[in-house]
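Below: one structure, written as structure tokens.
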Amino acid sequence: MGAIEIFKGYLNRVNLYIYSAKIKKHIRQLEKDIFEINGRINKIERSPTLVSENYFINYLNDHQRMMDYVKSENVYSFDNAIQQRIMNVPRDNWPASYRRLELVYNQQSEKYLYKLDELKSQINKTNQKLKAYYDGIVSCLVEIERMKKNYISYSLYTGMLDKYRYIYSYFKDAETDNEKVQEFLVIYSSCNEDNVKKWNEEFVTREMAEEKDFFSDIDGKELDKQQKWAVIIDEDANLIIAGAGSGKTLTISGKVKYLVEKKRVSPNDILLVSFTKKAAKEMEERIKERLNINVDVKTFHKIGIGIITAYSDNKPDVESDPKKIIKDYFNQEFYDNPEQLKRMIEFFGYYLHIPKDLEEFNNLGECYDYHKHLDFETLKSKYEDKNYINENTEKLKQNLTTISGEKVKSLEEVMIANFLFLNGVEYEYEKDYEYVTSDQFHRQYKPDFYLPEYDIYIEHFGITKDNRTPWLSEIDEIKYIKSMEWKRELHNEKETNLIETYSYLTKEGRLLETLRKKLLEQGVIFIEVDIIDISNKIYDTENGNHFGEFIKFVSSFINLFKSNGYDFDQFETFIKILDKGNSFFYNRTRLFLEITKPIYRYYQSQLKQHNLIDFNDMINRATSIVKAGEINFSYKYIIIDEYQDISVSRYKLIQEIRDRTKAKVMCVGDDWQSIYRFAGSDLNLFTDFEKYFGRSELMKIEKTYRNSQELINVAGNFVMRNKKQIKKNLVSGKNNDQPLRIFGYTGENEKLSSLKHLIEQIVNDYGPKAQIMLLGRNNFDIKFVDENDDFDVKNTKDNIKVTYKKYPELDIFFLTAHRSKGLESDNVIIINTSNSLLGFPNRVADDPILSLVITSQDELELAEERRLFYVALTRTKNVTYVLTPDLKMSVFIKELIDTQGIEYEILQGNTTITNNPNCPKCVQGYLKIRVNGKTKKEFLGCSNYPNCEYRLNDTSVIHNKIECKSCKGYMVVRKSKRGPFYGCSNYPHCTQIMDIVEKKKLVR
């Protein structure tokens, strides 16, 4: 190669290096333009305003030179001379860096053109989106205005917010002068809970005014303001709490009429549910015949049957009396199962009743009152009296008398006695101590239990763990502790063997466990007893009376168990999760579950054997069919009457129908009248309504048209002792200074004469054709009336008709409190308010075991019975009269007298001791004159005897009560060499004295 060629080659390479700088400059410009285009794309993407049609054209014009350069597809097109020179250089001679530079240029050129297309596309996309957003803004504003013309439900306004949320999110931080956008942002953000509530209130107020004529004639009656609100409000889920006699049915009728006539809802799209066939029929007749609206009212039974039949083309047979199957178990299977017999004996012997900690009582009298309903006769006593059940069941239940005489003084002593008996340990109760101990201050010592085979004494001391008795007065506590010490010293002195147990062991659940351990340490041998023999002699299962309440309890448990959808394996699950912290409650609950397991198995097998299902099976099966989507509904509204009676299984069925149809729910009821837990109802589904139904509206109907304001106040204060109940401020336009009257009696003869007197009073006030509802807690409460020749008692379809022969035109009928719910009468007489097992309250109905099968148990004791008593109190239009036994007054009646100042009346000719001095030891009892069987001398004893053994020899105290200023005992006449004086009845523990002359001065 010649020198010239070499020089040219060198020159060309130099040119390549020189011009690469210019190429790099163009590449940098391309990168800058690409970055700038990206910025425009991002800005346009977020633009709150439409992009001008000329925007892209103007942009291209501004960048025409670069566009031309890139489109030439030649890196050297910026200079033709350079391009020619470069092209003359063989590419093999180009430096590698130059070739890479050319590659970068080509890539950036392509990217530049791509970004221009993307810019154009983004402009079109943004404009299309903005046009859609502007259309959406208009639609949203129209929709909100339309919503405000009706009731706005939670799902409606939250659905609207969700529907347009993307538009709001796009514009909320944007800077724009667009008036529609600004208006949208303001109105959308105003759709919050507070404003929606305000708009709804404005709508309801406006609707009441505009539809005044409509609301003034619902079945010929005008709705009050709260009823109108309940009709108009249209939340997704609505709970209407209706007080007793507040026009609940009228409100439901008004709702149906409003939906059909004003909201154009088809009657076929309304599911109206009632709990009983009778109530459903009455509701249907009222709406169909009086309002001329052809709507079906269905019971849950009808709904369940309808779903199953529609799905399977086979109508199932539903057991009408499940409790009968459980009764049959006790009659047919009970004796064939020795293990079951043993469990039952143990349950009745140890665990039928729950001992209450003495520290929970303010005084002994409260403790005695609490336990008055219990049968303190031991199993041993019942065993030795073979006719115990057949002849004396009701007698024993009513007054706790025994035939064999072994009746202990406390539930804890019953447990100890039954423990000894069921373990084959012979004992004697309160046998005289083997050494004489009686003196002027002490009667003969009688230890609680004596075991003759082992020469062992057992004393059960009612003390706390710190050796206190806070339920006693200061002086009586001193006396009790000294008595304990005296007994211990006596046993120590006489070298007799004493085993001690204590009340605090019961609180800790260790009483029987500790007793067992101590007896074994003393060499006591436990012998297995003949359970079948004991059962044969103690429990007569054929007539079923003794087991009646227990059978109800088991039935309630199984009903609630199945309502939850549990199966047989759940029994073992329950046992595994039991709290072992308190052995009494653990053993009690476990024993009950082991008793109930074979009953449940028998129950289920009988259903299967006879090709039957029970109510819960039916509801649960129907729920599964709906959940699986096997059947369709068109309901837009579900209205449930008496919702306080809802069970878990019923709730699940309604919820599945609601999930399938998106129907709105309106539930009407009164938590104060929730009284059907034994049938499966679960009050928590009412009181925690929103927890189960989601966002809801709670309304109250508080104007009652039945009771007087004074009775409402008394009954309301009574039921609201349970803070779990929903507070209501019931009002009435009626007044009555004495809407509730309580009359005491001492015996059955006085009870009957008191009833006759009350009837006479009603006749005097309302005439010989007046209406009287007699209310009892149990069906047999009317028995004392039926046994009297002055009355004629007959069963009818709806109630028990009672004819008083003196006034045959009186409309007298008897109902249990349960059956009276929903009914009313001009006058009401409650005839059973005894503090007994089957009195009012019924003590078996509430039991902590039920907490296993309900969502949450009432914290207040006897809460269900309290609601039932509220129902009884509020059935009257005029006056509720109450008959109560003077010495076994129900705790509910005591509460009404003590806390609400209801007067306690005794009819002329009847006797009472409630005006006598109170017993200074137990505080709640009354002193009454008794006669010593041996000496025939009179003395004062406590009305709570034999539980309270207080006695006073000076009977003048009953008419001449002087309280000791020091210890609250009574001052009694004593003698001295100087003459008579007053000394304290608690002497020698209290030495307070008073001169008789001083007393005379006080009298003056």
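Any value given below was found using the heavy atoms of this structure, including those in side chains, with hydrogens, waters and symmetry copies removed.
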Which is it for Asp236 and Arg695 under the salt bridge (Lys or Arg N to Asp or Glu O under 4.0 Å) test, yes or no, and what are the steps along the way? CA-CA 7 Å; Asp236 301 314; Arg695 182 62 66 92; over 6 Å; no
Is [X] atom [atom1] crowded by more than 12 heavy atoms from other residues, nucleotides or ligands, each under 6.0 Å away?
X: Lys801; atom1: NZ; value: yes
X: Lys315; atom1: NZ; value: no
X: Lys724; atom1: NZ; value: yes
X: Lys342; atom1: NZ; value: no

To the nearest 0.5 Å, tell me how far [X] [atom1] sits from [Y] [atom2].
X: Leu860; Y: Gln725; atom1: CG; atom2: CD; result: 9.0 Å
X: Leu593; Y: Thr573; atom1: CG; atom2: OG1; result: 10.5 Å
X: Gln570; Y: Asn564; atom1: CD; atom2: CG; result: 8.5 Å

Between the main-chain N or O of [Y] and the side-chain N or O of [X], is there a donor-acceptor pair closer than 3.5 Å?
X: Asp781; Y: Asn832; answer: no
X: Glu656; Y: Ala622; answer: no
X: Arg706; Y: Ala244; answer: no
X: Thr589; Y: Tyr586; answer: no
X: Asn616; Y: Asn559; answer: yes

So, [X] and [Y]: side-chain donor and acceptor under 3.5 Å apart, yes or no?
X: Gln644; Y: Asp670; answer: no
X: Asn620; Y: Lys652; answer: no
X: Asp614; Y: Tyr603; answer: yes
X: Asn337; Y: Tyr329; answer: no
X: Gln606; Y: Gln604; answer: no
X: Asn799; Y: Thr796; answer: yes
X: Arg819; Y: Thr816; answer: no
X: Gln771; Y: Ser825; answer: yes

Checking side-chain contact (heavy atoms from CB on, under 4.5 Å) against Leu815, which of Leu775, Val828, Ile782 comes through?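 Of all the options given, the one that passes is Leu775.
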side-chain contact (heavy atoms from CB on, under 4.5 Å) partner of Val648, chosen from Ile619, Asn684, Asp682: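 Passing option: Asp682.
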With a 4.5 Å cut-off on side-chain heavy atoms, are [Y] and [X] touching?
X: Leu698; Y: Phe689; answer: no
X: Ile287; Y: Leu272; answer: yes
X: Pro316; Y: Thr309; answer: yes
X: Asp645; Y: Lys821; answer: yes

Under-4.0 Å salt bridge between [X] and [Y]:
X: Glu319; Y: Lys324; value: no
X: Arg590; Y: Glu594; value: yes
X: Asp641; Y: Lys248; value: yes
X: Lys281; Y: Glu284; value: no

Quick one: are the ring centres of Phe561 and Phe571 less than 6.0 Å apart?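 Centroid separation for Phe561 and Phe571: below 6.0 Å.
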Tyr676-Phe275 aromatic ring centre distance below 6.0 Å: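 When the ring centroids of Tyr676 and Phe275 are compared, they turn out to be at least 6.0 Å apart.
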Mind checking whether Phe347 and Tyr351 have parallel, tilted or perpendicular rings, split at 30° and 60°?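 Rings of Phe347 and Tyr351: tilted, as their planes differ by 30° to 60°.
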Quick one: do Ile551 and Phe330 satisfy side-chain contact (heavy atoms from CB on, under 4.5 Å)? Show the steps, please. CA-CA 9 Å; Ile551 289 173; Phe330 283 98; 3.7 Å; yes
As a quick check of understanding, evaluate side-chain contact (heavy atoms from CB on, under 4.5 Å) for Tyr602 and Gln332, giving each step before the final call. CA-CA 11 Å; Tyr602 175 85; Gln332 300 173 16; 3.4 Å; yes
